[in-house]
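Just so it is clear, the values below take in all heavy atoms, side chains as well, and ignore hydrogens, waters and symmetry mates. Keep in mind it's a predicted model, so treat the numbers as computed, not measured.
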Amino acid sequence: MLPRDPFTKALVDSRRSLLSWALAIAAVAAMYAAFWPTMQAPEMQEALEAYPEGLMEAFNYSDLTSAAGYLGSAVYGLLVPLLVTVFAIAAGTRAVAGDEEAGTLDLILAHPVGRVRLAVQRFAALLVGLAVITVLLWVVMLALTGPAQFDGVSAGEFAAASLQLALLGTTFGALAYAVGAATGRRAVALGVSAGVAVLAYLANSVFPQVEGAEWLAELSPFHWYLGGQPLVNGFQAGGALLLLGTSALLVAAGTWAFNRRDVAV
């Protein structure tokens with residue numbers, strides 16, 4: 001018997017996958033963070049100075065001389081946000097389009113649950129997943145603060161970076177959710193969301209290296225997430241509001257489209 005609560009069902013169904021994602025992302029973050037004491041060695045700094053500046057900035061490696069700069073580049077600036085984005089997009093494509101393509105959406109809607117409630121609660125489950133991942137990341141960073149010598153980075157600054165990371169994932173998850181809810185096709189939702197994510201990353205890191213294209217970074221969710229350097233300056237309300245507002249518009253548009261269109265069952 002299918003449970004009547006789509007939120008609970010989504011969490012139960014994804015519990016093993018979520019645990020795997022959370023542990024994997026935390027492990028990757030811990031691995032990169034643990035290299036910070038090594039990065040302080042003079043010979044390592046000399047080796048990094050030999051790399052072209054544009055190449056380093058293309059990978060968000062803009063400041064490797066302080067703990068906050070290194071963590072903002074190596075942990076919060078490259079692989080971890082990309083993994084969080086992949087998780088969010090995958091979860092967003094499943095929220096509505098997964099059941100529709102599997103042919104089980106009619107069984108779920110046969111229960112006393114409306115389309116809007118189903119869609120919104122599925123997206124709420126995605127938010128819980130992002131919260132679990134980023135809270136675990138925050139705990140891991142705090143646990144490494146002493147052993148890895150993260151001088152100058154407080155628990156509040158780690159919390160600010162982790163919160164804005166969750167909002168970044170929310171934005172791309174909302175995009176995947178909206179496209180999937182509007183089309184009912186996982187492949188379309190995945191393709192559109194992945195394409196936008198790649199362009200957004202390039203707009204924040206690679207395109208600004210081209211003279212006259214610096215303004216493109218201002219349009220990127222990756223810039224809204226990390227441009228204000230939350231590990232140095234704390235929570236950045238402007239970027240957070242842009243991420244939150246974009247997510248809200250995408251969720252509203254996707255839910256509206258799903259509620260009005262014919263469902264393929």
Side-chain angles (χ1 to χ4, degrees), residues 14 17-36 51 54-64 68-94 126-127 129-138 140-141 158 160-177 179 186 189-209 216-231 236 239-240 242-243 246-247 250:
S14 64
S17 173
L18 173 58
L19 179 61
S20 298
W21 273 102
L23 293 176
I25 291 173
V28 168
M31 179 181 68
Y32 277 91
F35 280 115
W36 167 238
Y51 282 89
L55 178 62
M56 298 295 286
E57 291 182 356
F59 288 96
N60 283 329
Y61 279 32
S62 56
D63 174 20
L64 300 178
Y70 172 77
L71 294 172
S73 299
V75 177
Y76 286 92
L78 184 59
L79 194 54
V80 168
L82 292 180
L83 289 173
V84 169
T85 298
V86 171
F87 165 81
I89 288 175
T93 59
R94 291 194 305 267
L126 184 157
L127 296 181
L130 286 170
V132 169
I133 289 171
T134 51
V135 167
L136 180 59
L137 175 63
W138 177 67
V140 168
M141 291 297 102
F158 276 125
S162 298
L163 174 58
Q164 297 200 197
L165 176 61
L167 293 176
L168 174 71
T170 299
T171 299
F172 286 109
L175 175 60
Y177 161 88
V179 178
R186 292 181 63 179
L190 181 61
V192 170
S193 303
V196 171
V198 170
L199 288 175
Y201 181 82
L202 294 176
N204 182 57
S205 57
V206 177
F207 296 164
Q209 309 305 317
L216 290 172
E218 302 293 333
L219 304 178
S220 172
F222 285 95
H223 182 75
W224 305 342
Y225 149 59
L226 206 57
Q229 296 183 303
L231 285 177
Q236 299 297 297
L242 285 170
L243 292 168
T246 301
S247 301
L250 288 168

Intermediate values then yes/no, ring-ring contact (aromatic ring centres under 6.0 Å, His included), Phe222 and Phe172: CA-CA 10 Å; Phe222 285 95; Phe172 286 109; 5.6 Å; yes
Verdict with supporting geometry, Leu175 and Thr246, side-chain contact (heavy atoms from CB on, under 4.5 Å): CA-CA 9 Å; Leu175 175 60; Thr246 301; over 6 Å; no
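Residues Ile25 and Thr134 are not in side-chain contact: their nearest non-hydrogen atoms beyond the backbone lie 4.5 Å or more apart. Considering only heavy atoms from C-beta on, Val132 stays 4.5 Å or farther from Trp21 through its side chain. For the pair Val179/Leu250, no side-chain contact is recorded, criterion being any heavy-atom separation below 4.5 Å from C-beta on. At a threshold of 4.5 Å between non-hydrogen side-chain atoms, the residues Tyr32 and Tyr76 do not count as touching. Using a 4.5 Å cut-off on side-chain heavy atoms (C-beta onward), Trp138 and Leu163 make no contact. At least one side-chain heavy atom of Leu130 sits less than 4.5 Å from a side-chain heavy atom of Phe87. The side-chain heavy atoms of Leu243 and Thr170, taken from C-beta on, include no pair separated by under 4.5 Å. Looking only at side-chain heavy atoms (C-beta outward), Tyr201 and Leu82 come within less than 4.5 Å of each other.
Remark: side-chain polar atoms of Gln164 are paired, donor with acceptor, to backbone N or O of Gln236 under 3.5 angstrom. One N or O on the side chain of Thr93 and one on the backbone of Ala90 form a donor-acceptor pair closer than 3.5 Å.
Smallest separation of non-hydrogen atoms from Ser220 and Ala203: CB-CB, 4.2 Å. The two residues Ala176 and Ser193 come nearest to each other via the heavy atoms CA-OG, 3.0 Å. Closest approach of Leu137 to Ala29, counting heavy atoms only: CD1-CB, 3.3 Å. Between Val75 and Pro81, the shortest heavy-atom distance links the atoms O-CD, 3.5 Å. Residues Leu126 and Gly92 share a closest heavy-atom pair of CD1-N, 3.4 Å. Nearest heavy-atom pair, Ala200 versus Pro221, reported as atom, atom and distance to 0.1 Å: CB-CD, 3.7 Å.
Rounded to the nearest 0.5 Å, atoms CG (Leu19) and OG (Ser14) are 10.5 Å apart. Here CD1 of Ile89 is found 12.0 Å from CZ of Arg94. Values are rounded to the nearest 0.5 Å. Note: Ser73 OG to Gln229 CD = 8.5 Å, rounded to the nearest 0.5 Å. We find the CG-CG distance between Leu167 and Leu242 to be 11.0 Å, quoted to the nearest 0.5 Å. The line from CE of Met141 to CG of Leu231 is 10.0 Å long, rounded to the nearest 0.5 Å.
Checking Val84, Thr85, Leu226 one by one against Leu165, the side chain to side chain contact (heavy atoms under 4.5 Å, CB included) holds for a single residue, Val84.
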